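Only a predicted model underlies this, so the values are computations on that prediction, with no experimental measurement involved. Just so we're on the same page: letters track the sequence lines, and every chain starts at 1.
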Amino acid sequence: MKRPSRCSRRFESQGWRAGHQRIAGVDEVGRGALFGPVAAAAVILDPSHRIPGIQDSKQLSPRQREELAVEIRRSALAWAVGSADAEEIDRINIYQASRLAMRKAVLQLNPPPDLLLVDALRLDLAIPQISIVRGDARSVSIAAASILAKVERDSWMREWDRIYPQYQLAQNKGYPTPAHRAGLEKYGPTALHRRSYSPVAAAALALRSRRQASPLASHLPSPKIAEW
DNA sequence: ACGAACCAACTATTGCGTAA
DNA sequence: TTACGCAATAGTTGGTTCGT
């Protein structure tokens, strides 16, 4: 590991000492994917209940993430998930869409938080907040949020895999793996692909010119593909 | 323009427990 | 003792945007 920093509650403890009651960790997942929404989660952990094993979702196996997610949802004072879909990502860019998804998650929290610990960026909200670089590896609340967001998004991808089986989404989660690219090459993008991402745009363009070149090609088996 | 930040899967390499 | 295989770890790759 390049950065050995360990996940702790030091940021939370600081906030509690300063008099904050409900500190929410906020994180997002799915930025690099070619397909589907970016997902965010916000979690207010119970100060009196500690969950062993919480850390950066990237350090956990899928199995561990599932189990921890159950425990987090059960014991948290509040938790919520928000997202921004591919259309929004194409319109306002992935960075702004990530912020939007985070904001949606935070605004759904009930009771509302009085302090936010946000992973790496600053949100447009009238709530005190601390931005923490590599927060998912350093703050338990952000780590918990990263776990919920990841688990949630992965389950969406498994569902979409049933609708669009030609991209292996259950396996690659929408990320640009060889299998996903192959599907993109062959069938072009769906309505849920991020067309502003270069591999998606390239595939759409390639498919288009291929069809123009040979009218027969437009009758090749093509799945439920959005009108382009 | 370039480095740092975020996102994640894939692949190859180790290490360890257990079975033959 | 060897062989197999799963699990954890490290390195590579590939997506984007921000801030200096």
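When rounded to the nearest whole Å, the span between NE2 of A:His180 and C1' of C:dT13 equals 16 Å. A straight line from CG of A:Asn172 to C1' of C:dG14 spans 13 Å, rounded to a whole angstrom. In this structure, A:Leu100 atom CG and C:dT17 atom C1' are separated by 16 Å, rounded to whole Å. Between A:Arg31 atom CZ and B:dA8 atom P the separation is 10 Å, expressed in whole Å. Rounding to whole angstrom units, CG of residue A:Asp27 and P of B:dA8 are separated by 8 Å. A:Tyr197 has its OH atom 13 Å from the P atom of B:dC7, to the nearest Å. One atom, NZ of A:Lys150, and another, P of B:dC6, lie 16 Å apart when rounded to the nearest Å. Atom OH of A:Tyr175 is separated from atom P of B:dC6 by 14 Å (rounded to the nearest Å).
Comparing A:Ala33 and A:Tyr95, the nucleotide of DNA chain C nearest to each residue sits closer to the 5' end for A:Ala33. Comparing A:Gly135 and A:Arg65 against DNA chain B, the residue whose closest nucleotide sits nearer the 5' end is A:Gly135.
Side-chain atoms of A:Glu12 come within 3.5 Å of backbone atoms of A:Ser141 as a donor-acceptor pair (strictly under, hydrogens ignored). Side-chain atoms of A:Arg158 do not come within 3.5 Å of backbone N or O of A:Arg153 as any donor-acceptor pair. Judged by distance alone, the side chain of A:Arg194 and the main-chain N or O of A:Pro37 form a donor-acceptor pair under 3.5 Å.
Within 6.0 Å of CZ in A:Arg50 there are 12 or fewer heavy atoms belonging to other residues, nucleotides or ligands.
Using a 4.0 Å cut-off between a side-chain N of Lys or Arg and a carboxylate O of Asp or Glu, A:Glu185 and A:Arg181 do not qualify as a salt bridge.
A:Arg181 comes within 4.0 angstrom of sugar-phosphate atoms only, judged by non-hydrogen atoms across all strands, and of no base. Contact annotation for A:Asp154: no contact, since no heavy-atom pair falls under 4.0 Å across all strands. Residue A:Ser198 is classed as a sugar-phosphate contact, given heavy-atom separations below 4.0 Å to backbone atoms only.
Between A:Gln96 and C:dT16 there is no side-chain polar atom (N or O) within less than 4.0 angstrom of OP1 or OP2.
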